[in-house]
Every structure is written in C-alpha cells, then in structure tokens.
Amino acid sequence: MLGLSTCESSVLQDTCKSVAGGHKYVTYNDCIKAFQADSASATAADARGLAAIAARIAEKAANATSARIAALRAAEKDARRKDRLGVCAEVYSDAVDQLGETAEDIARGGDEATQDAVTQLSAALDAPGTCEDAFGEADDASPLAPEDAEFAKLATIALAVAASLSPPPSTPATMD
C-alpha cells in the first residue's frame, strides 16, 4: 500500500470512491491499485494531480500493450490473424498519442484544456474494444484480452478523474 499522509490519502481515497461509485466495472480497490503504479500518487495534492498521474499510468499500459502486439505480429504466421493484430497495433498507437496529449492538456489546466483531455481519454478508451472486436468478428480468441481489460480499466479511471475536473454544463435560466 502507498504510504499516504492523512490529507493526501483523503484526496486519493475520495477520488477512488467517486470513480468506483460511477463505474460498475471499476471497484475502489481497482482504483487504489492502479494508482499504486506511480509513487507520485501518494503526494498528489488534488484531483488534477491524480488525473495527470492516471493518464500517465494508462499511457504506460498502452505502450506495453503496443510492444506486446508488435511481438505477437512479428511471430504470427497466419496472415488474417496478423491483420487483426494490425488493427490492434493501429488503435493502440493512436491511444498512446491521445494519452500523451491528455497529460499535456491536464497540465495546462483550464476548462477548455480539461475538456480536450476528456475527449482524448474517451477516444483512447475505444482501443481495447476495437481490438477485441477485430478478433471477435472473426470468431478468433484474442491473445490480448487480459491487456485490453486492464487498459480499459486504467483508461476508465483516468477518464473519470479527468471528467471530475470539468465544471458541470450550465443549465439555461428559466423564466417564471
């Protein structure tokens, strides 16, 4: 477990409670465990800091998955399966780029940059589903199912934390 001071622990715990409360596939423990991948989580002073950390964690996972895809493609003899892995390679490459932009947007701060980060995270979150679909449509078992599930969880956490930074949309004033 991360060594957290009471104040910092509260930020992380409150953030993870919020994330878990809003997503049925991400538990509080999943969220805490995800943040344990980066020791800076222990000293994040606010949700913005945690959002940047979550984006970096998701980017690292996307990079690792991209490397695994490259290794699988290099060893694959079946052309159709190699093509399916090619779909995965493309979407994960895009996700890595999107997550890099996300970290920059979060660091920049402000409502517009935060909304850009949320948009990039939403796009990156499509990668695991698209990769799995490439295999599912061919009735072929995906060799990337564990990585896709883990990345989906990490990207969901990052998206939830980044989305919490945005002010809620304003509602038009009503006339009585």
Side-chain angles (χ1 to χ4, degrees), residues 1-67 91-132 144-174:
M1 178 74 182
L2 293 171
L4 303 171
S5 74
T6 304
C7 177
E8 290 138 353
S9 172
S10 178
V11 170
L12 180 59
Q13 289 172 350
D14 291 349
T15 299
C16 284
K17 284 176 188 170
S18 176
V19 168
H23 297 86
K24 74 185 212 184
Y25 299 112
V26 178
T27 67
Y28 173 80
N29 287 337
D30 291 334
C31 182
I32 293 292
K33 182 181 174 197
F35 280 108
Q36 286 177 336
D38 189 320
S39 62
S41 302
T43 57
D46 58 17
R48 181 165 300 283
L50 287 175
I53 291 165
R56 286 194 308 266
I57 291 168
E59 182 180 13
K60 184 176 178 184
N63 271 313
T65 302
S66 290
V91 296
Y92 271 97
S93 175
D94 290 346
V96 168
D97 293 344
Q98 290 154 342
L99 289 164
E101 291 177 32
T102 296
E104 292 171 15
D105 290 336
I106 291 169
R108 205 168 48 245
D111 291 346
E112 186 176 331
T114 299
Q115 189 53 50
D116 290 346
V118 168
T119 300
Q120 294 292 344
L121 281 162
S122 295
L125 190 51
D126 289 340
T130 302
C131 181
E132 287 299 304
L144 297 162
E147 290 89 346
D148 287 335
E150 182 64 13
F151 177 74
K153 196 173 286 187
L154 295 172
T156 297
I157 292 167
L159 176 59
V161 178
S164 76
L165 303 174
S166 295
S170 60
T171 54
T174 57

Novice: Taking only residues two or more places apart in sequence, or in another chain, which ones meet Ser18 in a side-chain hydrogen bond (donor to acceptor under 3.5 Å, both in side chains)?
Specialist: none
Novice: With a 4.5 Å cut-off on side-chain heavy atoms, are Tyr25 and Thr156 touching?
Specialist: no
Novice: Let me confirm one number: the CG-CG distance from Leu121 to Asp116, rounded to the nearest 0.5 Å.
Specialist: 11.0 Å
Novice: Heavy-atom distance under 4.5 Å between the side chains of Asp126 and Val91, does that happen here?
Specialist: no
Novice: Where do Phe151 and Ala124 come nearest, in terms of heavy atoms and distance?
Specialist: CE2-O, 3.4 Å
Novice: Which donor-acceptor pairs under 3.5 Å do side chains of residues 103-110 form with protein atoms, sequence neighbours excluded?
Specialist:
unit_1, atom_1, unit_2, atom_2, d
Asp105, OD1, Arg108, NH1, 3.3
Asp105, OD1, Arg108, NH2, 2.7

Novice: Measure the spacing between CG of Leu50 and CD1 of Ile57 and express it to the nearest 0.5 Å.
Specialist: 9.0 Å
Novice: Within this structure, what is the CG-CG distance for the pair Asp14 and Asp46, rounded to the nearest 0.5 Å?
Specialist: 12.5 Å
Novice: My understanding is that only residues two or more places apart in sequence, or in another chain, count here; which of them pass side chain to side chain contact (heavy atoms under 4.5 Å, CB included) with Thr119?
Specialist: Gln115
Novice: With Gln98, which residues qualify under side-chain hydrogen bond (donor to acceptor under 3.5 Å, both in side chains), at least two apart?
Specialist: none
Novice: Would you please name every residue forming a side-chain hydrogen bond (donor to acceptor under 3.5 Å, both in side chains) with Asp148, sequence neighbours left out?
Specialist: Tyr92
Novice: Hey, could you give me each pair passing salt bridge (Lys or Arg N to Asp or Glu O under 4.0 Å) that has a residue in residues 27-36? Not counting sequence neighbours.
Specialist: Asp30-Lys153
Novice: Listed by chain and number, what are the salt bridge (Lys or Arg N to Asp or Glu O under 4.0 Å) partners of Glu147, not counting sequence neighbours?
Specialist: Arg68
Novice: Roughly how far, to the nearest 0.5 Å, is the CD1 atom of Ile32 from the OG atom of Ser41?
Specialist: 9.0 Å
Novice: What residues, two or more places apart in sequence or in another chain, satisfy side-chain hydrogen bond (donor to acceptor under 3.5 Å, both in side chains) together with Glu150?
Specialist: none
Novice: If you take all heavy atoms of Ala152 and Pro128, which pair is closest and at what distance?
Specialist: CB-CG, 3.8 Å
Novice: Going by side chain to side chain donor-acceptor pair (under 3.5 Å), name the pairs with one or both residues in residues 49-66, residues two or more places apart or in two chains.
Specialist: Asp38-Arg56
Novice: Side chains of Thr102 and Val118: closer than 4.5 Å at any heavy-atom pair?
Specialist: no
